[in-house]
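No hydrogens, no waters, no symmetry mates; every other heavy atom, side chains included, goes into these values. Quantities reported herein were computed from a predicted structural model and do not represent experimental measurements. When a residue number appears, it is its place in the shown sequence, counting from 1.
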Amino acid sequence: MLAAASLTALGGAAGPAAADTAYTWRNAQIQGGGFVPGIVFNETEPDLIYARTDIGGAYRWNPSTERWTPLLDWVGWADWGWTGVAGLATDPVDPDRVYAAVGSYTNSWDPNNGAILRSTDRGDTWEVTELPFKLGGNMPGRGVERLSVDPNDNRVLYLGAPSGNGLWRSTDYGATWSEVTSFPNPGDYAADPGDGSGYSSDNQGVGWIAFDRSSGSPGSRTQDVYVGVMDKENTVYRSTDAGQTWERVPGQPEGHLAIEGVVDHENGRLYISTSDTGGPYDGGSGDVWRFDFATEEWTNISPVPSGSPDNHFGYGGLTIDRQNPGTLMVSTQISWWPDVQIYRTTDGGDTWTQAWRYGSYPERVNRYELDISAAPWLTFGENPQPPVTSPKLGWMTQAMEIDPHDSDRMMYGTGATLYGTDDLTDWDADQTFTIEVKAAGIEETAVNDLAAPPGGVPLVSALGDIGGFRHDDLTQVPDLMHTRPFHGTVTSLDFAERAPHTFVRVGSSDNAATSRIALSTDGGANWWAGQQPSGVTGPGTVAMAADASAVVWSTEGAGVHVSNNYAGSWQAATGVPAGARVEADRVNPDLFYAFADGGFYVSTDGGATFARSAAGGLPQSSVRFAAVPGREGEVWLAGGTSGGAYGMWRSTDSGATFTPVAGVDEADTVGFGKAAPGADHPAVYTSARIGGVRGIFRSDDAGATWERINDDDHQWAWTGAAITGDPDVYGRVYVSTNGRGIVYGDPGAGG
């Protein structure tokens with residue numbers, strides 16, 4: 001039996017470490033931005049709804065505001081993987097109880113094991129039981145719902161584990177766990193067995209657990225339990241004695257994986273959706289099956305069977321209308337072209353209708369209207385040719401649920417947002433129903449870089465997957481991300497300190513013909529593509545001279561180059577290693593800086609040539625550094641790794657020498673903002689460990705003293721990519737997160 005290791009405090013953090021200075025924290029509004037693999041409605045209490053994300057934690061629906069409340073912002077730096085949620089369950093007997101199975105990766109990328117988080121107050125506070133194995137909230141197959149509560153005896157929970165770890169059970173509300181040793185099959189499917197990183201080669205293991213509620217009574221364990229296993233020949237198992245013994249369900253279909261399983265306990269049926277992969281971003285074949293308990297017969301009820309030439313997709317999201325159990329919906333797990341399809345049946349799968357169909361090809365006839373006014377960027381700036389539409393109906397759709405209390409409400413997840421409808425039954429009357437963005441409050445972007453220019457120029461961001469935005473108003477969702485060109489992931493950006501409307505960004509695109517560099521002269525409102533040096537294979541980092549006279553680009557594949565004509569042409573820089581991180585002095589346009597492998601490099605001729613400085617004692621890797629606005633030659637450097645040099649250093653002579661900043665145990669980012677009243681040095685901000693405490697810190701006296709400005713309820717896991725203060729608003733700071741979007745804080749009471 002695995003004993004509980006409980007950490008109980010505000011939000012679940014270990015120990016009371018309040019902020020030194022009260023701050024109010026908010027998100028710069030984007031709404032969505034990442035994959036929502038799980039949506040869970042409580043079957044007892046209306047309007048109690050949860051959503052889980054693959055890297056951005058879990059959320060609870062607030063019906064009064066129709067916004068989602070984040071529940072895992074308390075997760076700290078050391079446990080960053082706990083923001084990857086591999087499973088979520090809400091208790092149908094005691095709705096105050098909710099559980100999350102957390103852990104981001106099963107391979108070496110996440111050094112920690114997974115954990116079960118349990119709450120008796122709907123996620124406001126949590127207790128933690130650490131597991132003896134890893135979980136994969138951001139691994140292949142993450143749309144499978146691995147956690148479930150027995151609807152008759154809510155002391156009992158089941159967890160389907162990846163990596164060959166089998167099926168696990170708790171009998172004390174999730175406090176302790178043990179393996180169900182009688183369960184015969186730990187799964188055998190891996191997306192790519194040859195992947196040496198361990199990411200795609202991991203056994204996706206045991207998946208969903210579904211209970212036949214009618215086989216138990218309140219207070220006693222449900223007898224009939226069904227489990228999905230990631231094994232194409234043996235994908236559904238059952239127990240008829242409350243989990244003591246198990247058998248492969250006879251006669252089951254073979255050749256596909258059961259992605260979702262739903263029990264209709266009123267009519268005695270199990271429904272499964274299947275695919276040839278675990279998803280979420282692939283799948284080329286699949287079926288939908290019905291298993292009748294009384295006859296023990298399997299029936300293929302696929303809207304488009306796998307044997308049909310029209311089937312080029314697996315099935316993912318599967319849901320039943322608990323008010324009318326013969327009504328089901330299923331989505332294609334993925335159908336990149338032309339779009340996801342959603343099917344609906346009101347007769348148990350005998351006949352289906354679909355969300356859209358072809359008219360006179362290539363025109364589409366949609367049964368729905370899609371309203372993206374809450375997140376207009378979901379067009380991605382595209383105007384495709386039919387039958388492709390923008391915005392799309394969806395993609396990576398493995399989470400789809402009809403509200404068990406309201407047949408008109410349904411929600412489903414995509415790779416970038418959460419959609420929903422409140423007039424679903426209009427579908428059955430052959431009337432148009434409305435699908436809307438339902439992601440308010442969910443901020444699930446990975447932030448790679450941030451730029452806050454002076455003079456009221458808006459905040460500009462570099463994000464994973466959706467590129468980044470210019471935020472004219474932090475409280476409003478921007479109309480569009482950076483486009484022309486669109487980089488799915490922007491890795492680095494910079495602006496000219498003395499010409500702050502002039503920007504450069506670098507990123508990657510699925511289109512190999514797209515240039516990896518773009519420029520703007522209107523503060524990031526509009527962009528154009530620059531030319532690339534020959535041999536570029538990846539974006540790297542980029543810096544712009546203080547007066548915009550030069551751009552220095554440290555590319556992947558082609559080394560460091562400099563351009564003096566807005567990326568119209570390039571020459572190779574000399575004296576600087578390939579792969580170096582580059583930055584520009586914020587005053588002198590001739591000064592550029594670079595760092596690589598423990599060495600600091602300086603250019604005094606606008607980036608054409610670099611020379612290594614004599615500075616020593618710096619970290620070997622994992623370094624970020626920044627030059628101070630208004631102070632020529634002043635550079636602060638943060639970074640390092642455990643076991644080596646790790647901290648913060650300051651130079652006031654253009655990197656010729658560096659002095660350690662006293663009292664900083666570890667630091668990972670550094671940025672600057674408007675000076676405090678009466679101070680003569682810009683405020684310094686960092687994500688660091690100071691005085692033995694991890695947090696976000698501000699110094700108003702050039703690093704002589706520090707104040708922690710976040711608290712244990714607001715930690716956001718890993719915040720090591722970027723930080724910057726606001727040059728026009730004292731105390732305001734912008735913090736990067738890896739899955740909780742752009743967080744910004746202002747001095748003031750509250751959280």
Side-chain angles (χ1 to χ4, degrees), residues 28-30 447-463 467-476 478-483 487 490-507 517-528 530 541-553 566-567 582-589 591-593 624-632 634-636 669-675 681-685 698 721-736 742-746:
Q29 291 298 293
I30 294 171
V447 184
N448 295 325
D449 207 353
L450 294 167
V457 180
L459 177 75
V460 180
S461 57
L463 307 179
F469 294 89
R470 162 185 156 135
H471 266 91
D472 294 280
D473 184 339
L474 297 171
T475 68
Q476 299 297 315
D479 288 339
L480 198 60
M481 68 278 285
H482 309 316
T483 59
H487 295 140
V490 176
T491 58
S492 177
L493 58 82
D494 197 11
F495 66 93
E497 189 73 34
R498 289 160 44 184
H501 287 87
T502 305
F503 268 83
V504 62
R505 62 175 162 94
V506 292
I517 188 166
L519 299 101
S520 172
T521 54
D522 58 6
N526 297 280
W527 299 84
W528 76 90
T541 60
V542 71
M544 179 170 275
D547 63 355
S549 59
V551 172
V552 173
W553 184 10
Y566 292 94
V582 294
E583 297 285 354
D585 192 85
R586 310 316 290 178
V587 177
N588 186 340
L591 277 174
F592 282 87
Y593 308 110
R624 287 165 174 80
F625 66 98
V628 182
R631 290 180 168 247
E632 180 176 341
E634 184 171 342
V635 182
W636 292 57
T669 61
V670 63
F672 310 98
K674 185 176 181 178
H681 191 280
V684 186
Y685 298 91
R698 188 190 74 226
I723 196 169
T724 186
D726 192 297
D728 302 320
V729 181
Y730 166 68
R732 175 170 290 179
V733 60
Y734 304 97
V735 180
S736 70
I742 305 166
V743 172
Y744 71 98
D746 288 300

_Value rounded to 0.5 Å, distance of CG in L450 from OG in S736_ =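 OG of S736 is found 6.0 Å from CG of L450.
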*asked:* For the CZ atom of R470 and the CG atom of L480, what is their distance to the nearest 0.5 Å?
replied: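 The CZ atom of R470 sits 12.5 Å away from the CG atom of L480.
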Qualifying residues under salt bridge (charged side-chain N to carboxylate O under 4.0 Å, His left out), relative to [X], sequence neighbours excluded:
X    : result
E583 : none
D494 : R586
R698 : D700, E707
D479 : none

Find out whether [X] and [Y] are in side-chain contact, i.e. whether some heavy atom of one side chain is under 4.5 Å from a heavy atom of the other.
X    : Y    : value
M544 : L519 : yes
D522 : H501 : no
E497 : P454 : yes

Could you work out, with ring-ring contact (aromatic ring centres under 6.0 Å, His included) as the rule, every residue matching [X], not counting sequence neighbours?
X    : answer
Y593 : F600
Y685 : none
H482 : W527
F503 : F495

*Criterion side chain to side chain contact (heavy atoms under 4.5 Å, CB included) on V504 and L493, from CA distance to verdict*: CA-CA 6 Å; V504 62; L493 58 82; over 6 Å; no
_Residue from I742, L459, L463 passing side-chain contact (heavy atoms from CB on, under 4.5 Å) with F469_ =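 Considering I742, L459, L463, a side-chain contact (heavy atoms from CB on, under 4.5 Å) with F469 is found only for L463.
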_Exactly one of L474, V743, I723 should register a side-chain contact (heavy atoms from CB on, under 4.5 Å) with Y734. Which one does?_
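In the set L474, V743, I723, the residue that makes a side-chain contact (heavy atoms from CB on, under 4.5 Å) with Y734 is L474.
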Closest approach of [X] and [Y], non-hydrogen atoms and distance?
X    : Y    : result
A496 : A548 : CB-N, 3.5 Å
V587 : A546 : O-CB, 3.6 Å
P682 : P629 : CG-O, 4.0 Å
T483 : R505 : O-NH2, 3.4 Å
V490 : N448 : O-ND2, 2.9 Å
P589 : A545 : O-CB, 3.7 Å

*asked:* For a side chain to side chain contact (heavy atoms under 4.5 Å, CB included) check, start with the C-alpha distance between H471 and I30, then their side-chain angles and the critical distance, and finish with the verdict.
replied: CA-CA 9 Å; H471 266 91; I30 294 171; 3.8 Å; yes
*Let me see the working for E632 and N588 under side chain to side chain contact (heavy atoms under 4.5 Å, CB included), right down to the final yes or no.*
CA-CA 6 Å; E632 180 176 341; N588 186 340; 3.0 Å; yes
Which residues satisfy the side-chain contact (heavy atoms from CB on, under 4.5 Å) test with [X], sequence neighbours excluded?
X    : value
D473 : T475, Q476
R624 : R581, T669, W718
A626 : V670, F672

*Please assess V542 against V551 for the test side chain to side chain contact (heavy atoms under 4.5 Å, CB included), listing each intermediate value before the final yes or no.*
CA-CA 7 Å; V542 71; V551 172; 3.7 Å; yes
*Tell me, which pairs form a salt bridge (Lys or Arg N to Asp or Glu O under 4.0 Å) where one or both residues lie in residues 724-734, sequence neighbours left out?*
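Pairs touching residues 724-734 that pass the test: R732-D746.
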